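Only a predicted model underlies this, so the values are computations on that prediction, with no experimental measurement involved. Labels below follow one simple rule: chain letters A, B, ... track the order of the sequence lines, proteins then strands, and each chain is numbered from 1.
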There are 2 protein chains.
Amino acid sequence: MEGDSIHKYKRGVINNFVSVDCVIFGFDFNRLNVLLVDRVLIDESTGEEIVNDLTLTGNHIYENEDLDEAAARILFDLTGLEDIYLKQFKAFGSPTRISREKDKIWLKASGRNPEDRIVTVGYYSLLDIDQVTLQWKGRDVRWTPVAEVTDLGFDHVDILNEALKELRKDLIREPIGFELLPEKFTLSHLQRVYEVILGVNLDKRNFRKKVARMKYLRQLDEKQVGVAHKPARLYTFDKDTYEATRRELLDFAI
Amino acid sequence: MEGDSIHKYKRGVINNFVSVDCVIFGFDFNRLNVLLVDRVLIDESTGEEIVNDLTLTGNHIYENEDLDEAAARILFDLTGLEDIYLKQFKAFGSPTRISREKDKIWLKASGRNPEDRIVTVGYYSLLDIDQVTLQWKGRDVRWTPVAEVTDLGFDHVDILNEALKELRKDLIREPIGFELLPEKFTLSHLQRVYEVILGVNLDKRNFRKKVARMKYLRQLDEKQVGVAHKPARLYTFDKDTYEATRRELLDFAI
DNA sequence: GCAAAAGTGTTCGAGCTACACCCATGC
DNA sequence: GCATGGGTGTAGCTCGAACACTTTTGC
């Protein structure tokens, strides 16, 4: 996997002034989760933990690499996945982004100058939670329910919150919910995606009537197997149908 | 005005790696326009024009300045206006953003290294076209109909197109159309904003029924004066009512 | 046979679409 | 008095909201 990555993605001279941070969302049918990496720094002499918290996954860009490429590279390094839903949502450039002591200590220990001004570009990603390799540059990676995230390194709580806002907006307007599910999914699972992320309860019958109108959600001749209840029909997203039937200008709301 | 600007906005050490570009939209009841600045370079010895085209307005950020501040500063320098609708819409970071010969010549003449990698953050702005001072750093500034823009310096055509896409999306979803109009406006003018930007024809009666439902568009006890037809009632946007009555989750569309 | 989730129809009201004529003003 | 845009209502249809019961499977 790492070998592929080295060939597939450009590596080159690091740009020290611009980075990309990825907010990677996964869904476990009960909660929305975000992929975070452990940030641990131990004092060599005393054995004391100086830093021990979590961050998003991010990286400086390479000089020969576009922003979208950098985000795809980070996502690939972290998950081994490609062709994943990935969207740039906001650039963060406050001059005081890095002001907490532990962030400065961490940067110094990583051979960086904590006084450097770094502008970071945020991407969020949606993927099927069951496909991920939880390893990144020797650091532990873990899924954490978004609702339980309280503090993160750097300004990553801000970045996560902005990603969430954008995700909620996009989820309402564009068909992306199933990006968090396996390729074949049930309508109940899809409904859960909307309920959990938007924090609402939806009526099952009304939801299904709505789906029936979306021709691009295609019913398959397959059912769930091995479940202790009436097995549900499986659906899939049909991209061609979506492209063909999407109405460019829906209603507008002033 | 310039004096104010120097006091109001931070000036400091320039960050050479990140810039902000502003796509400033104005509306003249027939067309959507964008504010562009002339880029002219004349060979001192021969008197020959080496470069003569147009660009968006942009600038490097200062080290002590946030991205939003930089955008507001640029907008202020260019228009003398503050508290104007301004929205970050996308970061542009292709390593080949600056590859055309005339862009390199221009940068060299401005004392920059054209091989430097610069990531730029795009903002778009909506304002009343009649309030603008058309002067910027000694360069001529002009309103140009968006439909007539064919080529611009650097990658500014890409930036403009992305801004337009974002504007159209936002216009449908959020009440921002009147940002392009004077504080008091008629419903016909508002309707024109939607028609021109979205490229559609709207029914006058249906449009007005819709507006009647939006309590935040408040009818004033004032009418147009000096027009050669029945004078129209004036409306204004009531921000408090908007904040109070906005429904956070409208309908969702899968 | 029981626990668990799948699947299905109707009624009501709000809002979208389409469509045509009279009104107030300046010149 | 005429040219110009302002201002208004109705009918049909689609879609959203609310609401309860039967079906199929594993155990």
Side-chain angles (χ1 to χ4, degrees), chain A residues 28-30 171-173 175 181-182 184-196 198-236 245-254, chain B residues 28-30 172-173 175 181-182 184-196 198 200-236 245-254:
Chain A
D28 65 7
F29 303 119
N30 285 308
L171 189 63
I172 286 172
R173 302 300 173 200
L181 298 174
K184 301 171 181 183
F185 52 84
T186 71
L187 293 190
S188 294
H189 289 166
L190 187 60
Q191 185 177 335
R192 280 298 283 162
V193 168
Y194 287 87
E195 291 183 329
V196 167
L198 301 176
V200 293
N201 287 315
L202 300 174
D203 180 88
K204 187 163 51 156
R205 280 173 289 192
N206 293 338
F207 183 84
R208 291 161 113 90
K209 267 183 288 183
K210 201 163 195 167
V211 167
R213 257 176 275 129
M214 317 285 151
K215 305 294 185 213
Y216 50 82
L217 289 178
R218 219 180 58 230
Q219 196 179 111
L220 300 172
D221 293 329
E222 280 181 74
K223 296 187 171 189
Q224 281 180 311
V225 285
V227 287
H229 54 77
K230 179 171 173 177
R233 290 196 210 139
L234 295 176
Y235 285 72
T236 196
T245 62
R246 64 135 105 219
R247 295 179 47 196
E248 203 40 68
L249 179 69
L250 311 108
D251 44 25
F252 76 103
I254 301 201
Chain B
D28 66 8
F29 304 120
N30 286 307
I172 287 171
R173 302 301 174 200
L181 299 174
K184 300 171 181 183
F185 51 85
T186 71
L187 292 190
S188 293
H189 289 165
L190 187 60
Q191 185 178 335
R192 281 297 285 162
V193 168
Y194 287 86
E195 291 184 330
V196 167
L198 301 176
V200 294
N201 287 315
L202 300 174
D203 180 88
K204 188 163 50 156
R205 281 174 287 194
N206 293 337
F207 184 83
R208 291 162 113 89
K209 268 182 288 183
K210 201 163 195 167
V211 167
R213 255 175 278 125
M214 316 286 150
K215 305 296 182 212
Y216 50 81
L217 289 179
R218 221 179 57 228
Q219 194 180 112
L220 300 173
D221 293 329
E222 279 181 76
K223 295 186 171 189
Q224 280 181 312
V225 286
V227 288
H229 53 76
K230 177 171 173 177
R233 290 195 211 141
L234 295 175
Y235 285 72
T236 195
T245 62
R246 67 136 105 219
R247 296 179 48 197
E248 202 41 67
L249 177 70
L250 312 107
D251 44 24
F252 77 104
I254 300 199

Student: Separation of A:L234 atom CG from D:dT24 atom P, in whole Å?
Tutor: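 It works out to 18 Å between those atoms.
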
Student: So which one's nearest nucleotide on DNA chain C is more toward 5', A:H189 or B:V225?
Tutor: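 It is A:H189 whose nearest nucleotide is closer to the 5' end.
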
Student: Give one of base, sugar-phosphate or nothing for A:R233, where a contact means two heavy atoms less than 4.0 Å apart.
Tutor: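 Sugar-phosphate: the residue A:R233, judged by heavy atoms under 4.0 Å, touches backbone atoms but no base.
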
Student: Given side chains that start at C-beta, do those of A:Y235 and A:L187 come closer than 4.5 Å, heavy atoms only?
Tutor: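 When only atoms from C-beta onward are counted, A:L187 and A:Y235 do touch, with a gap below 4.5 Å.
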
Student: Atom CG of B:D203 and atom C1' of D:dT10: how far apart are they, to the nearest Å?
Tutor: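 Atom-to-atom, B:D203 to D:dT10, this comes out as 13 Å.
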
Student: DNA chain D: B:L187 or B:K209, which has the more 5' nearest nucleotide?
Tutor: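 Its nearest nucleotide lies further toward 5', so the answer is B:L187.
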
Student: Of the candidate nucleotides D:dT23, D:dG26, D:dG5, which contains the atom at the shortest distance from the side chain of B:H229?
Tutor: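 Within the option list, the nearest is D:dG5.
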
Student: How many Å lie between CD on B:E195 and C1' on D:dG5, as a whole number?
Tutor: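 Going from CD in B:E195 over to C1' in D:dG5 covers 14 Å.
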
Student: Taking CD from A:Q219 and P from C:dT8, how many angstroms apart are they, rounded to a whole number?
Tutor: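 Computing the A:Q219:CD to C:dT8:P distance gives 8 Å.
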
Student: For A:V227 and for A:N206, locate the closest nucleotide of DNA chain D by heavy-atom distance; then report the residue assigned to the nucleotide nearer the 5' terminus.
Tutor: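 The residue mapped nearer the 5' terminus is A:N206.
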
Student: Take the protein atom CG of A:N201 and the nucleotide atom C1' of D:dC19, then report the distance between them rounded to whole Å.
Tutor: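 Whole-Å distance recorded here is 15 Å.
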
Student: If you define the side chain from C-beta out and look only at heavy atoms, does anything of B:T245 sit under 4.5 Å from B:Y216?
Tutor: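 Yes, close enough: below the 4.5 Å cut-off.
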
Student: Side chain of B:S188 only, heavy atoms from C-beta on: which candidate in D:dT24, D:dG5, C:dA6 is closest?
Tutor: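 For B:S188, the side-chain atoms sit closest to D:dG5.
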
Student: State, yes or no, whether a side-chain contact exists between A:F29 and A:L181 at a heavy-atom distance under 4.5 Å.
Tutor: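 A side-chain contact exists here, since the closest heavy-atom pair is under 4.5 Å.
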
Student: Expressed as a whole number of angstroms, how long is the span from A:Q224:CD to C:dG7:P?
Tutor: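 In whole Å, C:dG7 P lies 8 Å from A:Q224 CD.
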
Student: Round to a whole Å and report the spacing from NZ of B:K204 to P of C:dC22.
Tutor: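 Taking atom P of C:dC22 as the reference, NZ of B:K204 is at 14 Å.
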
Student: Please state whether the phosphate of D:dT22, meaning OP1 or OP2, lies under 4.0 angstrom from any side-chain nitrogen or oxygen of A:R205.
Tutor: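 No, because none of the side-chain N or O atoms of A:R205 sits under 4.0 Å from OP1 or OP2 of D:dT22.
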
Student: Given D:dC15, C:dA24, D:dG26, which nucleotide is nearest the side-chain atoms of A:R213?
Tutor: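 Closest nucleotide among those given: D:dC15.
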
Student: Heavy atoms only, 4.0 Å cut-off, all strands: where does A:R208 land among base, sugar-phosphate and nothing?
Tutor: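 Touches a base.
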
Student: Under 4.0 Å between a side-chain nitrogen and a carboxylate oxygen: does that hold for A:E222 and A:K184?
Tutor: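 Answer for the salt bridge query: yes.
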
Student: Which residue, B:K210, B:R208, B:K209, B:K204, forms the side-chain hydrogen bond (donor to acceptor under 3.5 Å, both in side chains) with B:N206?
Tutor: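 Only one of B:K210, B:R208, B:K209, B:K204 forms a side-chain hydrogen bond (donor to acceptor under 3.5 Å, both in side chains) with B:N206, namely B:K209.
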
Student: Please state how far atom NZ in A:K230 lies from atom P in D:dT22, giving the value in whole angstrom units.
Tutor: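 These atoms are roughly 13 Å apart.
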
